[in-house]
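Take a look at the structure below.
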Amino acid sequence: MASERTESEGTEDCILRMRGVQKRYGSVLALESTDLDLCRGEILTLLGPSGCGKTTTLRLAIGLERATSGKIWFKDRLVDAPESKVYVSPEKRDMGMVFQSYAIWPHMDVFGNVAYPLKIRHRKADEIRQEVEKVLDLVGLAGFANRPGTKLSGGQMQRVAVARGLVFGPDLLLMDEPFSNLDAKLRDQMRSELKLLQRRLGISVLFVTHDQSEALALSDRIAVMRAGHIEQVGAPKELYYHPQTAAARDFLGRTLLFQGKLASRHGESAMVELAEGALCRVAGADHTRGASAGSLCVAGIRPEHVKIKPWLDQAERTQDALAAQILTLLFIGDRYEASIRLPSGAIANVFLPCDDDWQEGQAVSLSFPPERLQLWPATGAAE
Amino acid sequence: MASERTESEGTEDCILRMRGVQKRYGSVLALESTDLDLCRGEILTLLGPSGCGKTTTLRLAIGLERATSGKIWFKDRLVDAPESKVYVSPEKRDMGMVFQSYAIWPHMDVFGNVAYPLKIRHRKADEIRQEVEKVLDLVGLAGFANRPGTKLSGGQMQRVAVARGLVFGPDLLLMDEPFSNLDAKLRDQMRSELKLLQRRLGISVLFVTHDQSEALALSDRIAVMRAGHIEQVGAPKELYYHPQTAAARDFLGRTLLFQGKLASRHGESAMVELAEGALCRVAGADHTRGASAGSLCVAGIRPEHVKIKPWLDQAERTQDALAAQILTLLFIGDRYEASIRLPSGAIANVFLPCDDDWQEGQAVSLSFPPERLQLWPATGAAE
Amino acid sequence: MTAAAMPQDETSAMGRLQVGTFLYVLLIAVIGFLVIYPLGTLVVTSFQIGALGRETTTGFGNWLEAFHNDQMASAFWNTLSLSFTRQFLALIFGVGIAWVIARTNLPGRGWIEVGFWIALFMPSLPVTMAWVLLAGGKGGLLNMWLHELFPFIHGSVFDVFSWWGIIWVHLVTGVLPVKVFLLVPALRNMDSALEESSRACGANMLKTLTRIVVPIMLPTIVMVMLLGMIRSMHAFEIELILGPPANIDVYSTLIYRVMKQEPPLYGIASVMSILFVTIIIPFVLAQHWYGNKHSHSTVGGKFSLRLQDLGGWKWPIFWLLMLLVLVMTVVPLVVLVFGSFMKIFGMFDLPNPWTTRHWIAALSRQDLKQSLINSLSLGLGSAAVGMVLFSVVAYVSVKTRYFGRGLLDFLTWLPTMIPGIVISLGFLQMFVGTPVFRPIYGTIWVLIIAVVLANVTVGVQLVKNNLLQLNAELEEASWASGGSRLYTFWKIVIPLVMPSVIIVGLQTFATAVAAVGVIAMLGTGPNQPLSILQLVYLDSGRFEPATIVGLLILIITVVAALVAKFFSNRYGVGIAKNG
Amino acid sequence: MADWKSDWDKALKDSEGQDLNLIVQPNEGYDGAIAAFKKKYPKIKVQVTLINPSDVAERLLTEQKNGVFAWDAWWATASNMNSVLLPAGGLEKMTDYLLLPEVTDMSNWQNPKFLYTSDRGPYVFIHTNYLQNLGIYNSKLVPGGTLTEDQLLDPSLKGKIAIRAPSRPHSGTMMLAGIAKDKSLDFVKSLLTEQQPQFNENDRQNTMSVLRGGMVVGIGVTENVMTECQKEGGCENLKPLPSSGYMHSRGISVLKNAPHKAAATVFVNWLLSKEGQETYVREWAKFNTTSAFSMRKDVKPDPKHLDSMPDFNNLDKYVAVSFDSGEKAINDVIKTYQDARRK
Ligand SMILES: Nc1ncnc2c1ncn2[C@@H]1O[C@H](COP(=O)(O)OP(=O)(O)OP(=O)(O)O)[C@@H](O)[C@H]1O
Ligand SMILES: Nc1ncnc2c1ncn2[C@@H]1O[C@H](COP(=O)(O)OP(=O)(O)OP(=O)(O)O)[C@@H](O)[C@H]1O
Ligand SMILES: [Mg+2]
Ligand SMILES: [Mg+2]
């Protein structure tokens, strides 16, 4: 939806803008020079491995940390720029934040915690009660209003934190893994409520999650982070199907990688001789920057695009299919996660639908739709 | 695998046994009379909505809470029985526990935190260093040994907590949502490490998670909890395909529910007239306790079992298929999550593979394999 | 886009910064003045040679004299050994008792805590005399009873006129109770998960205490220990009574004697005090350095509070502590109350030793009511001013990033380092020597300021350590919700540290109503409190009504303690609500 | 002389509405006397501040050094007035304040040589010189039932004497100064060393060690205890120490730059008048066992207090602790004690 704006220099519908922002904790460089734009009304998700700097980015955005260098604008107002000694404190920024560690105030009950942002804004007592009840209802904590903040289960605490973030409808809401301790049902529900709320109030959300499907389902755009910098920003599909870097590719969804050699090129597509023994046509994106025929390369494909069929007959064997064997079948609900052994002995994980009767030890054939195969340089680590 | 043992009175290979255990916090009944058996070498997962008493169960098992009533045995030794004033304190039970709230000690560095259980057990310094390094490596925190416990990101703290639980190889390991703040990759990795470790050392694990696929993938058995009691215990597949109660069914995976009327019965199968307008044969489990023809009922099916095809032709329409329309398509990585509108206007969520080109607004037909349809009493809430 | 094109917030940010900085500079200037001035007068006095009232000259005579005083060495050694021993004992038991009260399911822990508070507030001179009556050599009642019961036992089994006797009386009258008093609120502010995870790792309760709880709490414990050390080294009232028979002199009694000599040798007292300060300063700096490095937040956003189950130890510990509280409070109290109904305290040999006339005399004094009102105003005023000031200073020194806030922290240690009898002189010089204070000189406000300053160390340090226990995220969440610094301070920080603030308020109240030295130096007619009546009686050799006034003061303090308890149950992380 | 009346009237008039800031030693006896003064001069607002002489001395000096002159008069035992305030020039000449002829007429007073404490000037007016003997012994524990002053050095009393440690001027020190005057300083030295006495700091405690603790002699005990006890029918074997004790003095002074001179004038004149002294004697007798009498010849002493009345014509034979001579005697004792302890 807004994927083209990734590199654009702040247009007027950009609510948060970071330029060259860097953050250092003592000797730890938590965030390398980072650029980020968040548009009005958008949900942007930061996705990345643990410790990559997601929380740090959020804390910088709201002003709980001061950047080591760089500039941050909020609503076209410079809010943090160490070089020119500008810094606007968090309470002046009028954002909301849900903390990864909840930050429930232990001396207040649930109501007090949630009502707090409203009280600061001098809302009327009546209104506060109504609003709080509404939002507690929304997070499934109706009836918990008078429970002390410390006498809750983990998930309940997290919901209090979420309720507190949602209750006052800030222009920009920062949410740091807000649903990590909730069950799938509740999480789905809250996710859609969040989306509704966001649509209705037109607020922007900077969201952090480690859950890919959550990120993909919720976000207008996703920023994939790694080791303190942003690898790629884009709409979910764009990121999923057109990762620019190996890190982005590997982090979002799985990819089966096959070592091989570029046999030949024919216009947009190329023929790759896989080390596993098949010759495949690759018609997807080429990330090798036009490696020449004969050079080593890697062919990658999303597991769900691999066509897997029971190995019925030797005769059926085609040049572009691989023979493989199911090692283990792991039931994960609506499908199986299967480990299969490739001819070379390498192991790959794929999903199999539950409809068919799969057996451990069964022989299968894998074939790869050419347009789903992508070409990567050989340095990419094999899965 | 061990599903038959659910109700059995402690056999010798049962490491933890709870009978009629109840826990009350003041006026809050956190756990109703609960029976639970955990076998040696088994991974049993507690799965349930937030606040249902999972953590409480774990705390009772290790002795951080004392039961209000009931009996708990660990390794055939009575460890908690308020009625007969028996109580064995946590340190004497020699279990390990990973806390939902991490509980990292702020005055120690990562090494100190992880080494603590070993130091308590008077291991040699050399051995401790080795063991800690090994386990830190395993959780991806090699190189963090000297970082203070509090100067870590959320996920890193969680990994320290996991490492501390794993390091001393207790007979029974209690893990309370240990991976909730980790990204999918790390989580997969740790999950399989845990399984390996558990197989190698033969330890038992009582696991809490809110993540269904994690529960299904990891567990030997799953106990579905709701509002302070255990709804059903069983092997993953058993639970998924043969839920005994509506709660178990609804919590584990999704189910599409269709209101209808029992038209007739033919041996094991029944014909149901769906309110949506189709007449389906239901050959799956019957949870109505043999409701008679003519009574109201609900037909349920897992979304992944619904056969969805583009609606090509009016002529194709069969009696057992429903016409529907795709409202929204949500890309969640390896597939779409689609909201579809049924003839009655009701909305259902199903998954669609990414291979095909689906469009929002597209008309589709849904058909239901009879053996996948299950019959539920009419009181079951519609999705 | 360039920065120049953006509207900048610089001016307002700078403006706010300056207001804050101004207030900060003001605060540090005021505190600095208030604590350094008295110290400065000491330095000046230390160079004034000659007896008070006579011609004085300037020189090093006092310094030479002080160093030539050969009682110093033994007094110093006594001071050190006595202080270390009782602090060591008090710390071991104090930490244990505080932990049991704060974090376990000990029955009646709330009341036991109040018991320790009361023990702390018992009037020290009468209680010491009560112990003399009970265990003062052969004539001690305990020894006599023991002899009656077991005729073969002769002599004094219990003797407070001894090295251990001094330690014992110190322990029960203040040193041990004060540890419990100060440590309990800090110990309450700890996430139970920290203990629980230790026990889950296989550590028993004792190991958990020594390896988790104590190390985490160490900055507070070190602070309390240092404070205790300083107090111990200053203590002289008990040594003054119990020391001479056993021939034990301590440093502070030396200071006391030169102060009370006629004419007093303030120069030498000043030298001795300055020596004392210079010895203490490195420890204070070390403590400061250690505290900064090792403070840990123990109250976070996932705080949980669960009491540790003492199991079978529950009742034995309960009875043990009850016994201790009994020995600390009820036993001396009974002796005192009985004593106050005796014609002559401790004279059981009279034909009819009992009388109510001391009570009648004390209670029918005309100035009793006014003194009572004065005591209350002084106590409440000091407590109120103290609570506000201590909280603000502690907050500034912990939670802001101003340059030199470490200095502020250090400054608050100074008043404690100077022995109380000496510093009231410094206060006097400050109040009369500074024109700003002239208008309030002679009013109750000078007394309030003096009492507050006398408590500034314990007040600021306790609140500070409590603040350090709060994880930054609690405040951050408030800022993120739009709460200003002040609002956050008021709604989040203060309620969380309130139990400590109340404790220091109570401490300030108690010292205010019991104060004598400061009152003598700064009090004037209309605002003289009850404690001065006690002095009146003592100086006319009438110990019995003096005891009665002491008991009246105790009653006021106990009422204040109960009120404090009532309120502190309402604040903080809320363990009290747990049962 | 003739115009004392107009000065007095003027003082009376000026004093109306004035605060009289009075420093008084914390002792119950003063209370009633001042109440009587208030009753007589209701227009003067009397602010009484109770402070020990030794505490207030330094305070007064400090205030005066800084230009704070808050006090009018000081009524207390006089040693601090004499040894601290007087040499520092902190007092006004009493002679400037004394107006009433009945006061200024020296013939109304016993032994005028002992009315002012110092040769340095008429600054501290003593209205009562009284004897203190704050020493007791237990006659039961003395062979023969009586003790003489010489017997204090008897080896049988070794370790049986309780002395309030004479490290500073208080009853114990003054008693020893008296003994020194009776005998010699060396006698005291022996008493402090060879007799290995038990030193106590607190007078009450010192007393109790004789009453309950088995000590034979107590030097520096609480004033009223022995008489109280005997009044109640106990302590029959307690006897006063055979020593002339010492002479203490209670007096009045006016502080430098007294802010309410008129009120101060009225007060000192009233206090030293016959009426004032009678009031003092009456009130003092209510709470104390010594010194309820006056140097005024026309004031009757309280009959129960005659024991403590000195021989007015022969005051030189006592250690007069508030006077220049006494100060020296006391310092000698303290020095002796400190020297002894150093060994
Ligand atoms: N200290 C307490 N006092 C009162 N009630 C409590 C306390 N701790 C937990 N509860 C309540 O007990 C119930 C069970 O709590 P528990 O922590 O076991 O839930 P849980 O299943 O672990 O939930 P979650 O997935 O959210 O962590 C909850 O409703 C909770 O509110
Ligand atoms: N106070 C601190 N001092 C030093 N290093 C820190 C501190 N806080 C965080 N870090 C480090 O900074 C890096 C980024 O931390 P951050 O909290 O932003 O990670 P994150 O992406 O939120 O991770 P997670 O998913 O685990 O929460 C991490 O490597 C972390 O160890
Ligand atoms: Mg984070
Ligand atoms: Mg939980």
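Just so it is clear, the model here is predicted, and its values are computed rather than measured. Numbers restart at 1 for each chain; the letters A, B, ... are given by sequence-line order, proteins then strands. Quick note: numbers below take in every heavy atom, side chains included, and nothing from hydrogens, waters or symmetry partners.
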**Fill in**
In this structure, OG of A/S50 is separated from CD of B/Q158 (nearest 0.5 Å) by 8.5 Å

**Item:** Closest-packed option against chain B by number of heavy-atom pairs under 4.5 Å, given A/G155, A/S153, A/S213, A/S180
**Value:** A/S180

**Message:** A quick test of your reading: do over 12 heavy atoms of other residues, nucleotides or ligands sit less than 6.0 Å from NZ of B/K151?
**Reply:** no

**Prompt:** A/Y102 versus chain B, heavy atoms under 4.5 Å apart: side chain, backbone, both or neither?
**Reply:** neither

**Prompt:** In Å, rounded to the nearest 0.5 Å, how long is the span from CD of B/E337 to CG of A/D188?
**Reply:** 6.0 Å

**Asked** Would you say B/D183 and A/D211 make side-chain contact, with heavy atoms under 4.5 Å?
**Response** no

**Request:** Go through the atoms of B/F351 and report whether side chain, backbone, both or neither lie under 4.5 Å from a heavy atom of chain A.
**Result:** side chain

**Asked** Given a strict heavy-atom distance threshold of 4.5 Å, which part of A/K237 is in contact with chain B: side chain, backbone, both, or neither?
**Response** both

**Asked** A/R147 and B/V28: which non-hydrogen atoms are nearest, and at how many Å?
**Response** NH2-CG2, 3.4 Å

**Item:** Evaluation steps, side-chain contact (heavy atoms from CB on, under 4.5 Å), between B/L182 and A/H210
**Value:** CA-CA 6 Å; B/L182 304 183; A/H210 57 267; 5.8 Å; no

**Asked** Distance from B/L152 atom CG to A/T55 atom OG1, nearest 0.5 Å?
**Response** 12.0 Å

**Asked** Non-hydrogen atoms of chain B under 4.5 Å away: do they reach the side chain of A/Y25, the backbone, both or neither?
**Response** neither

**Request:** With a 4.5 angstrom heavy-atom cut-off, could you sort out which part of A/Q156 is near chain B: side chain, backbone, both or neither?
**Result:** both

